[in-house]
Amino acid sequence: MANALLQPGTPQGSPLSPVLFILFAIVTSLYRRLSSISGLATIGFADDTNLLAFGKDTTTCCGILEHAYRVCDEWAKERGMRFGPEKSELIHFTRTRLLRTEGVRILEEGRATLAPVEPARFLGVWLDRKFSFKYHVKRVRVKLETQSRALTRLSSKTWGVRVSKSRDIYTKSIRSVMEYGASAWHSLLRHVDLTPPA
């Protein structure tokens, strides 16, 4: 007789995970609990929760994020869930010349401190601490170079696909990569003053 162990939860990358999380998190009190924290904005998309702290200095922001993470952790434990600290990233948005090094402690034992990174990826767009989007444009260029080489091989004169099919591949694959998130990182927005009001 064989014994089987059932693991709770859904596998990483499962299309069911975000749907279940949306149904579970939006209806529950997690976002209401987080909304009571002063200096914190919560952005949720599918099964991702993003915490944005704003304050007079980096230490204040780190304290807000630590408090918010404890709220999330308590909420998850009450429901037999857990947030994956290994999937968390910290970025300090600042105009200072040097990268801020203050971390955020996300586990009670004090062993897990989230160190700041630069850049960080958010919904497919790479953000850097000064919102210059230079790293994002660099990543897009690398991806486009690979895809354009593949399209060149696919549309060879002797055995390649027809021009109409090449255009379809370009429109659906290459151009969509170029344009993704353009409303956020396009160069015209660099002239807009993004500093928060005093």
**OP:** State whether the number of non-hydrogen atoms from other residues, nucleotides or ligands found under 6.0 Å of Lys138 atom NZ is greater than 12.
**Re:** no
Subject >> Distance in Å, Arg167 CZ paired with Arg175 CZ, rounded so as to fall on 0.5 Å steps >> reply: 10.5 Å
**OP:** State the NE2-SG distance between His67 and Cys62, to the nearest 0.5 angstrom.
**Re:** 15.0 Å
**OP:** Check whether any side-chain heavy atom of Ile64 sits under 4.5 Å from a side-chain heavy atom of Ile37, and report yes or no.
**Re:** yes
Subject >> Short side-chain to backbone donor-acceptor contact, Thr146 and Val142, under 3.5 Å >> reply: yes
**OP:** Can you measure from CZ (Arg95) to OG (Ser132) and round to the nearest 0.5 angstrom?
**Re:** 11.0 Å
Subject >> Charged N-O contact under 4.0 Å between Glu145 and Arg149 >> reply: yes
**OP:** State, without any angle test, whether Asp57 and Thr60 hold a side-chain donor-acceptor pair at a distance under 3.5 Å.
**Re:** yes
Original post:
Can you find a heavy atom in the side chain of Pro119 that is under 4.5 Å from one in the side chain of Leu127?
Top reply: no
Original post:
Do Thr42 and Ser35 have side chains that get closer than 4.5 Å, going by heavy atoms?
Top reply: no
Original post:
Is any side-chain heavy atom of Val125 less than 4.5 Å from a side-chain heavy atom of Phe133?
Top reply: yes
Original post:
Rounded to the nearest 0.5 Å, what separation is found between the CG atom of Leu99 and the NE2 atom of His92?
Top reply: 7.5 Å
Subject >> With Phe122 via ring pair (Phe, Tyr, Trp, His ring centres under 6.0 Å) - residues at least two apart >> reply: none
Original post:
Do side-chain atoms of Ser36 reach the backbone of Arg33 as a donor and acceptor pair under 3.5 angstrom?
Top reply: yes
Original post:
Does a side-chain heavy-atom distance below 4.5 Å link Leu51 with Leu40?
Top reply: yes
Subject >> Gap between atom OG1 of Thr49 and atom CD1 of Ile43 - 0.5 Å precision >> reply: 10.5 Å
Subject >> Heavy-atom side-chain contact between Ile91 and Pro116 under 4.5 Å >> reply: no
**OP:** Taking the side chain as every heavy atom from C-beta outward, state whether Leu65 and Leu90 have any pair of such atoms under 4.5 Å apart.
**Re:** yes
Subject >> Qualifying salt bridge (Lys or Arg N to Asp or Glu O under 4.0 Å) pairs, either residue in residues 114-124, two or more places apart >> reply: Glu118-Arg129
Subject >> Set of residues satisfying ring pair (Phe, Tyr, Trp, His ring centres under 6.0 Å) with respect to Phe54, sequence neighbours excluded >> reply: none
**OP:** Measure from the side-chain N and O atoms of Glu66 to the backbone N and O of Arg105, and report whether any donor-acceptor pair falls under 3.5 Å.
**Re:** yes
**OP:** Anything under 30° is parallel, anything over 60° is perpendicular, the rest tilted; go ahead and classify Phe93 against Phe131.
**Re:** parallel
